[in-house]
Amino acid sequence: MTDSNLQYHIGLSSSLIENARYVLMPGDPARVAVLSAAFPRSRPLGQNREYRAALAYDEDLPTPILIMSTGIGAPSAAIAIEELACLGVRYFLRVGTTGAIQEHIGLGDLVISEASVRLEGTSSHYAPIEYPAAASIDMTYSLLEAARALGVPHHSGMTCSSDSFWPGQERHDSFGTYVPRRFQGTLEEWRRLNVLSYEMENSALFVVCRALGLEAASVCAVVACRWQREAVCHDAYTKAKHDLARVAMEAVRHHATRIKDPINRHG
Ligand code: URA
């Protein structure tokens, strides 16, 4: 028998994801296993294109949690959101990496995004540029509660989501080395405007979810300190990955036990 709502890009159907309502979304497919390991029980679901998936089970939650990579950048993240929404997923938590702009943010710290600068094109296909890229207050509160309860170093505020890793984030250590005039001086400008860090998916996630009536939040581990150097520190993710996974898992537990989603209520 074929699965009637099998989705073209992600290769998943509602029966395959066992009616999951929450998804944890790293960019990198390799990090699906890292997040799965934080849960008492999990099982891999396979991979289509950049979308690798697993289901995680927690006895405190009535439905499993889907863990699925988005690949890098806004277009593939928006495709993931659209197709998962068609399968009944309602709560989208990005669990990624980021480059710190502010000096008080260190390698391995977590950045919880309250809203994001829309330095990408995908979100404008869903809503005009005046529409804010704002995270779900409830889900963001759950992330903050989880990070505080676990004693994990974290920061919350505005992030900046760029369509490019090099010019849009004012990096010169690229093949071409040139940063077009449009982006020259922007690292300092974002710093002065209290933007915490750069990454590549938050604003598309927030706008697409908000426009579609879904909820989204984001927590990212700092893997580059842009006020010091342009390069990513390869050890930083290794240092932060357990904190990141534990905060994501606790945040879902916290959120699921408090919201009015009928599927999440026991009894
Ligand atoms: N991801 C980004 O987009 N930028 C960084 O500096 C680090 C991670």
Side-chain angles (χ1 to χ4, degrees), residues 24-32 34-35 50 69-78 80 93-123 133 135 153-177 179-180 182-191 193-208 216-241 243-245 247-248:
L24 304 185
M25 299 194 302
D28 182 353
R31 293 176 183 160
V32 170
V34 175
L35 292 172
E50 59 268 63
S69 55
T70 61
I72 295 176
S76 62
L93 178 53
R94 168 163 155 68
V95 188
T97 54
T98 192
I101 293 172
Q102 303 293 333
E103 284 189 26
H104 66 278
I105 303 180
L107 284 176
D109 290 0
L110 302 189
V111 172
I112 295 168
S113 179
E114 296 171 11
S116 206
V117 178
R118 295 172 62 184
L119 213 59
E120 43 75 32
T122 303
S123 66
H154 65 282
H155 312 267
S156 68
M158 182 74 79
T159 53
C160 176
S161 307
S162 165
D163 255 346
S164 58
F165 185 80
W166 277 277
Q169 301 185 23
E170 207 185 353
R171 279 189 163 94
H172 298 83
D173 64 342
S174 57
F175 179 69
T177 71
V179 172
R182 171 181 173 208
F183 294 116
Q184 289 174 24
T186 50
L187 176 64
E188 173 60 9
E189 184 165 3
W190 299 132
R191 189 187 72 77
L193 294 174
N194 291 315
V195 174
L196 302 185
S197 67
Y198 283 119
E199 56 72 69
M200 297 178 69
E201 293 84 12
N202 283 350
S203 60
L205 172 73
F206 297 161
V207 170
V208 174
S218 167
V219 57
C220 289
V222 174
V223 295
C225 282
R226 293 300 313 282
W227 44 273
Q228 246 171 356
R229 56 204 285 259
E230 294 190 353
V232 165
C233 169
H234 292 283
D235 295 337
Y237 182 74
T238 312
K239 184 183 152 221
K241 66 184 181 186
D243 283 347
L244 193 57
V247 167

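Counting starts at 1 for both ligands and their atoms, in listed order. Quick caveat: nothing in here was measured; it's all calculated off a predicted structure.
- Atom CH2 of W166 has 12 or fewer neighbouring heavy atoms from other residues, nucleotides or ligands inside a 6.0 Å radius.
- A donor-acceptor pair under 3.5 Å is formed between the side chain of S76 and the backbone N or O of T70.
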Could you pull out the N/O contacts under 3.5 angstrom between ligand 1 and the surrounding protein atoms?
unit_1, atom_1, unit_2, atom_2, d
ligand 1, 3 (O), Q169, NE2, 2.9
ligand 1, 4 (N), Q169, OE1, 2.8
ligand 1, 6 (O), R171, NH1, 3.4
ligand 1, 6 (O), R171, NH2, 2.6

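- With a 6.0 Å radius and a threshold of 12 heavy atoms from other residues, nucleotides or ligands, H234 has its NE2 atom at or below the threshold.
- Of the candidates R171, Q169, H172, H172 is the only one forming a side-chain hydrogen bond (donor to acceptor under 3.5 Å, both in side chains) with E230.
- The backbone N or O of A74 sits nowhere less than 3.5 Å from a side-chain atom of E201 that would complete a donor-acceptor pair.
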Test side-chain hydrogen bond (donor to acceptor under 3.5 Å, both in side chains) applied to E199 and S161, step by step = CA-CA 5 Å; E199 56 72 69; S161 307; 2.5 Å; yes

